[in-house]
> 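Can you keep this structure in mind? I'll have questions shortly.
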Amino acid sequence: MDFKVQALGPDLLIQRWILRRYGITLFGPKISKIVAPVTGGELRDAMIGTLRTRWLPQLEYPGQFLNRRYQAYAVITMCRAICLLATGELDEQAGSRLAGRFGARTRVCTP
């Protein structure tokens, strides 16, 4: 795999929010002193940008979606996105609960 430098994507704000909320300081100042807060509106904009730049292009070449593990990842990611867009907050449990309800309704029996 080649190393390359890429432009920062819209998901940087989501990563900043996660870092600020769950980051653990091992040495030096608290993470909240280094990483600026992210508002609900900024989170929504970041999620919309991520959906447009990462997920929308995949619909043109949906081969990955044939993989059952990727399907599970995609469903839980989209459910988390729905919850974020509805509330302005990143709530992993709410997204997981929504994905569970979706899965219970659309269960496919496989041998």
> Just how far is it from atom CZ of R21 to atom CD1 of I31, taken to the nearest 0.5 Å?
15.0 Å
> With ILVMFWY side chains joined below 4.5 Å, transitively, what does L8's cluster contain besides itself?
L12
> Side chain to side chain donor-acceptor pair (under 3.5 Å) between Y70 and Q58: does it pass, once the steps are laid out?
CA-CA 12 Å; Y70 195 79; Q58 291 185 62; 2.6 Å; yes
> Mind checking whether M78 and L43 sit in one hydrophobic cluster, side chains of I, L, V, M, F, W, Y counted as touching below 4.5 Å?
yes
> If I compare all heavy atoms of P10 with all of A46, which pair ends up nearest, and what's the gap?
O-CB, 3.2 Å
> If I take atom OG1 from residue T25 and atom NZ from residue K33, how far apart are they, to the nearest 0.5 angstrom?
11.0 Å
> Return the OH to CG distance between Y22 and L90, rounded to the nearest 0.5 Å.
7.0 Å
> Under 4.5 Å between side-chain heavy atoms, counting indirect links through other Ile/Leu/Val/Met/Phe/Trp/Tyr residues: same cluster for I18 and V38 or not?
yes
> Would you indicate whether L56, at its atom CG, is surrounded by more than 12 heavy atoms from other residues, nucleotides or ligands within a distance under 6.0 Å?
yes
> Who are the side-chain contact (heavy atoms from CB on, under 4.5 Å) partners of A74, not counting sequence neighbours?
W55, F65
> To check you understand the geometry: which heavy-atom pair defines the closest contact between P62 and L59, and what is its length?
CD-O, 3.7 Å
> Can you name the side-chain contact (heavy atoms from CB on, under 4.5 Å) partners of L85, sequence neighbours left out?
R44, M47, I48, L51
> Is the closest side-chain heavy-atom distance between T50 and I14 below 4.5 Å?
yes
